[in-house]
Protein chains: 2
Amino acid sequence: MDNKKISGSGPQSPPERPTLKTIAFMTGLGITTVSRALKDAPDIGAETKERVRMVARQLGYQPNRAGVRLRTGKTNVIALVLSIDEEIMGFTSQMVFGISEVLAGTQYHLVITPHSHSKDPLVPVRYILDTGSADGVIISRTEPDDPRVRLMDERGLPFATHGRTDMGIVHPFHDFDNEAFTHEAVRALVAKGRRRLALLQPSSKLSYYAHTRIGFQIGLHEYGAEEIPLRVTTDAPLADIRDSVEALMRSSHPPDGIVCSSGGGAIAVNAGIEAAGFRLGRDIDMVAKQSTDVLNWIRPEIITIYEDVRHGGRELAKAVIARIDGIEPELLQSISSPVWPKS
Amino acid sequence: MDNKKISGSGPQSPPERPTLKTIAFMTGLGITTVSRALKDAPDIGAETKERVRMVARQLGYQPNRAGVRLRTGKTNVIALVLSIDEEIMGFTSQMVFGISEVLAGTQYHLVITPHSHSKDPLVPVRYILDTGSADGVIISRTEPDDPRVRLMDERGLPFATHGRTDMGIVHPFHDFDNEAFTHEAVRALVAKGRRRLALLQPSSKLSYYAHTRIGFQIGLHEYGAEEIPLRVTTDAPLADIRDSVEALMRSSHPPDGIVCSSGGGAIAVNAGIEAAGFRLGRDIDMVAKQSTDVLNWIRPEIITIYEDVRHGGRELAKAVIARIDGIEPELLQSISSPVWPKS
DNA sequence: CATTCGTACTGTATCGTTACAGTTTTGCTC
DNA sequence: GAGCAAAACTGTAACGATACAGTACGAATG
């Protein structure tokens, strides 16, 4: 608001934030020289660079972001596009923490770009493109044919997705191996003697729906089990999940094992099971994926597999930055494996 | 990176992002006039303003943030200072969602400024002050005598805190009424015939420790109950909480009621109770504060009180913005009451 | 010795915006 | 009709950084 600058415009008043001008004045060099020295340009003498760097460090110089951004277009911002709709288990926090951890060691700031997933998902992406407000973007809830991916790819905006796509575009991503998860989950249930398995799966719009299904079905086939279909998805309100599961349990042909693709869902599934008068570990077993360890605390009978979302955040952050730096996208793809509990 | 500008520097190539220059060219006015017209300055003719606004809307003009920031120092950024240490129940997500909701209707962007709460808490605040990277700041984990508050107040940086302070500085805040919470919790437990009450309280460094204690003690006195001291705090690892509670339950004088200041803690407390062979609702009752409704799902016997953190985020965002706009801090303080479940 | 070259450094213009100090036009006063 | 004020508009400089096109100067070249 009110500039407390001590009138005199020269760089002689120390409490002000140092700029290139300040350093130029102190070293007796030109502003350009200072700028290039700090960038380690080849046409600056070694000794000069040293001197400039010393003074810069001494003054605690930090380039003015607005200046850089205006001149070069580089924002030093990574945008995380977030759905702000209800979410129970703190998935988002973990993602944010992971990204923050990586960005903390860089010049990048993390900007949260919210959107409601009832609205057009392209809105935030278009905003970023139109205003040039970020150097890179991280998105989640990726779909097999994702319009956001198409748009960003087309416009050359670096990005990384949480989840894969299947549209012939090679781009950075990080994903959890949901196929391995459901596959192993089936194996674990069959090992416990369960044969009639239900699956609480993600919305069929999302990319990992297919992986989830494939692993499940291969598992069924391989280990000789049958599917008891469950109609709700992980996106449904918890009350709906509970009700569906309760109904299924009360049906004539209830499952004796259930695989659950989300931690929040698992809680509702458990409630449904208990509401129908069944007990985990006795009448039925459950394998659930979770991103925190709450489930183990509330029903140790639930077999849990851990998805390290914080690690996912770190990978995604590293991937966008690498992409911004021009690394080829095929080198920036990673899939993390399900982690079984230690015991 | 590579500017795809179509060489010719005039404003005649439409696909480029429009600037004041573009509008000036299209209206035949000067850049200054356009700038002032869009700001509704008094020295611009009404008809001109109208014309400029029309063209601006038509072009989808959005002021270049870097330009504004460089010239005026206004960043249009609100920084949320976040502890990225473990957190179980998605408290952070809710806060972020609430803030985002409010900022979405403004020019402000939300930047996450992480820090580890083992490090000096002043680091992120100093960074923001030194680099002028935000117009306003939101902090949490407020302490009664909080050095961050002192620093920001001293330097005139607008901010709002989640939690009150007690240091003679009047500043915007939003808080949950923890005193009412513990007070009512005690009443609820006594109403169930419980008299020997334990309290899982926050770290004594935090502001709401005192409120929590006061409400609890007034409650004890008013309703005639005694405290069974519990040594751990909500900040302790869940395993420690469980062990402490288990030990307490096995002691010669175990509590028959417990008040729990955090949802994550409640899960561990419950585990401790059960590990000692007791059962909620039969041998002991628990009242817990939570910011999601997980607890109701996992142990309906837990009496829960809801803290609407998302609403807290909204309040904080509105408060910082109002403070930036010069509203007096005493008008920007709010406390939200405990919400009992509907039933 | 004049020319060329390479090294090390510098000045100017520019990104988009706004503060400030004008300028022009019109209308009014005396 | 000279003088003045208000209304409406405009040009220039500046914020801090960098791209680009220089300049100065000593050393190598022919």
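Chain letters run A, B, ... following the sequence lines, proteins first and then strands; every chain starts at 1.
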*Asks:* Do the side-chain N or O atoms of B:K39 get closer than 4.0 angstrom to the phosphate oxygens (OP1, OP2) of C:dT18?
*Replies:*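 Checking C:dT18 against B:K39, a side-chain N or O does come within under 4.0 Å of OP1 or OP2.
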
*Asks:* According to a strict under-4.0 Å criterion, is A:Y61 in side-chain N/O contact with OP1 or OP2 of D:dG16?
*Replies:*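 Indeed not, no polar side-chain atom of A:Y61 lies that close.
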
*Asks:* Which atoms of nucleotides 24-27 of chain D (N or O only) lie under 3.5 Å from a protein N or O atom, and what are those distances?
*Replies:*
none

*Asks:* Within a strict 4.5 Å, meaning less than it, do heavy atoms of the B:R314 and B:H174 side chains meet?
*Replies:*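 The answer is no, as the side chains (C-beta and beyond) never meet within the 4.5 Å cut-off.
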
*Asks:* Looking at the base of D:dT18, is there any donor atom on it, or on the side chain of A:R71, that sits under 3.5 Å from an acceptor on the other one?
*Replies:*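 For A:R71, whose side chain was compared with the base of D:dT18, there is a donor-acceptor pair (under 3.5 Å).
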
*Asks:* Nearest of D:dC15, C:dT18, D:dT18 to any side-chain atom of B:L20?
*Replies:*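 Out of D:dC15, C:dT18, D:dT18, the nucleotide with an atom closest to B:L20's side chain is C:dT18.
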
*Asks:* Are A:D146 and A:R148 ion-paired here, with the side-chain N under 4.0 Å from a carboxylate O?
*Replies:*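 Counted as a salt bridge, because a side-chain N and a carboxylate O are separated by less than 4.0 Å.
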
*Asks:* Check the distance between D:dT10's P and B:F25's CZ and give it to me in whole angstrom.
*Replies:*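 Going from CZ in B:F25 over to P in D:dT10 covers 15 Å.
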
*Asks:* Can you name the closest pair of heavy atoms from A:S133 and B:H109 and give their distance?
*Replies:*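 Where A:S133 meets B:H109 most closely, the heavy atoms are CB-CE1, 4.2 Å.
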
*Asks:* Between the protein and nucleotides 9-11 of chain C, list every N/O to N/O distance that falls short of 3.5 Å.
*Replies:*
| from | atom 1 | to | atom 2 | distance (Å) |
| --- | --- | --- | --- | --- |
| C:dC9 | OP1 | A:T48 | OG1 | 2.7 |
| C:dC9 | OP2 | A:G45 | N | 2.8 |
| C:dC9 | OP2 | A:T48 | OG1 | 3.0 |
| C:dC9 | N4 | A:D43 | OD2 | 3.1 |
| C:dT10 | OP2 | A:G30 | N | 2.7 |
| C:dT10 | OP2 | A:T33 | OG1 | 2.4 |
| C:dG11 | N7 | A:T32 | OG1 | 3.2 |
| C:dG11 | O6 | A:T32 | OG1 | 2.7 |

*Asks:* What is the distance, rounded to the nearest whole Å, between atom CZ of B:R69 and atom P of D:dA14?
*Replies:*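 So the two atoms are 23 Å apart, to the nearest Å.
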
*Asks:* Can you check the A:L70 CG to D:dA14 P distance for me, whole Å?
*Replies:*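 Value for this atom pair: 17 Å.
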
*Asks:* Indicate whether any N or O donor in one side chain lies under 3.5 Å from an N or O acceptor in the other, for B:N64 and B:T19.
*Replies:*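 No pair is found: no donor N or O on one side chain lies under 3.5 Å from an acceptor on the other.
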
*Asks:* Measure the shortest side-chain to side-chain distance between B:R323 and B:F159 over non-hydrogen atoms and say whether it is less than 4.5 angstrom.
*Replies:*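 Not touching, per the 4.5 Å side-chain cut-off.
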
*Asks:* Whole-Å distance between C:dA19 P and B:L38 CG?
*Replies:*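 Interatomic distance, CG of B:L38 to P of C:dA19: 13 Å.
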
*Asks:* Measure CG/B:N76 against C1'/C:dG16 and give the value in whole Å, please.
*Replies:*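 Rounded to the whole Å, the gap is 14 Å.
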
*Asks:* Would A:F97 and A:H311 count as a ring-ring contact (aromatic ring centres under 6.0 Å, His included) if you check the C-alpha gap in whole Å, the side-chain angles of each, and the deciding distance to 0.1 Å?
*Replies:* CA-CA 9 Å; A:F97 293 167; A:H311 171 254; over 10 Å; no

*Asks:* Once you round it to whole Å, what is the distance between C1' of D:dC15 and CG of B:N64?
*Replies:*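 Distance, rounded to whole Å: 13 Å.
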
*Asks:* So, is B:T72 near the phosphate of C:dT18, with a side-chain N or O under 4.0 Å from OP1 or OP2?
*Replies:*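 Negative; the distance criterion is not met.
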
*Asks:* With distance as the sole test, does A:S207 use its side chain to make a donor-acceptor pair with the main-chain N or O of A:G163 at under 3.5 Å?
*Replies:*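 No: the side chain of A:S207 does not pair with the backbone of A:G163.
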
*Asks:* Has the side chain of B:R69 got a donor or acceptor atom that lies under 3.5 Å from a matching backbone atom of B:N76?
*Replies:*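 Checked: no pair found.
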
*Asks:* How many whole angstroms separate atom CD1 of B:I23 from atom P of C:dT17?
*Replies:*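 It is 8 Å, rounded to the nearest whole Å.
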
*Asks:* Taking atom types as modelled, find out whether B:T165 and B:T142 have a side-chain donor-acceptor pair closer than 3.5 angstrom.
*Replies:*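 No, because no side-chain N or O of B:T165 sits under 3.5 Å from a partner of the opposite role on B:T142.
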
